[in-house]
Amino acid sequence: SPLNDLSGAELQQKVFARWINVQLHDTSRKVDSFVTDLVDGTILVELVQALTGERLLGTVPTPQCSEDAVMNIQMSLTALAADGVELEGIDANEIQKGDVLQML
């Protein structure tokens, strides 16, 4: 099986990407590359909206700079925290930079 050939981090990325895709089944969005597809925050925004059933207001649908992306990520993290998800030590700037450990 191809999954047997993956490192622990690679396996976590694949599993998390598949889980995100299941959650976003009603949208046109899909995660192909776990690291690059999450850095602008738009998929995270859609994921949070799918999970909470609430629309996040003030997000940037097509981020033009890293500040826009960080804002999307931070708004997503804030909404999850408000919903009771513990996110200690997770940094929006690091996610925007593609830091896999921050994403997992």
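This is a predicted model, so every value here is computed, not measured. Just so it is clear, the values below take in all heavy atoms, side chains as well, and ignore hydrogens, waters and symmetry mates.
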When you measure from the side chain of D37 to the backbone N and O of D32, does any donor-acceptor pair fall under 3.5 Å?
yes
Closest approach of D68 to Q64 (non-hydrogen atoms, all atoms of both residues)
OD2-N, 3.1 Å
What distance do E46 atom CD and I20 atom CD1 have between them, rounded to the nearest 0.5 Å?
11.5 Å
Does the pair L56 and S76 meet the rule for a side chain to side chain contact (heavy atoms under 4.5 Å, CB included), with working shown?
CA-CA 8 Å; L56 296 182; S76 299; 4.1 Å; yes
Return the CZ to CD distance between R18 and Q23, rounded to the nearest 0.5 Å.
14.5 Å
Heavy-atom donor-acceptor pair, D40 side chain to A69 backbone, under 3.5 Å:
no
Give the C-alpha distance, both sets of side-chain angles, the deciding distance and a yes or no for side chain to side chain contact (heavy atoms under 4.5 Å, CB included) between L24 and W19.
CA-CA 9 Å; L24 298 178; W19 179 81; over 6 Å; no
Would a distance-only check, ignoring hydrogens and angles, find a side-chain to backbone donor-acceptor pair under 3.5 Å from E86 to G84?
no
Of L44, V39, V70, N72, the residue whose pairing with I95 passes side chain to side chain contact (heavy atoms under 4.5 Å, CB included)
L44
Derivation of the side chain to side chain contact (heavy atoms under 4.5 Å, CB included) call for Q49 and L51
CA-CA 5 Å; Q49 291 176 157; L51 293 172; over 6 Å; no
Treating D83 as the side-chain partner and A79 as the backbone partner, does any N or O pair qualify as donor plus acceptor under 3.5 Å?
no
What is the distance from atom CD1 of I43 to atom CZ of R29, rounded to the nearest 0.5 Å?
4.5 Å
Taking atom CD1 of I90 and atom CG of L80, what is their separation to the nearest 0.5 Å?
8.5 Å
Roughly how far, to the nearest 0.5 Å, is CG of D91 from CD of Q96?
10.5 Å
Rounding to 0.5 Å, atoms CG (N93) and CD (Q74) come to a distance of 8.0 Å
Cluster membership besides M71, Ile/Leu/Val/Met/Phe/Trp/Tyr side chains within less than 4.5 angstrom, sorted by chain and number, is V60, M75
Can you name the closest pair of heavy atoms from A81 and L87 and give their distance?
N-CD1, 3.9 Å
Among residues at least two apart in sequence or on other chains, which ones pass side chain to side chain donor-acceptor pair (under 3.5 Å) with T27?
none
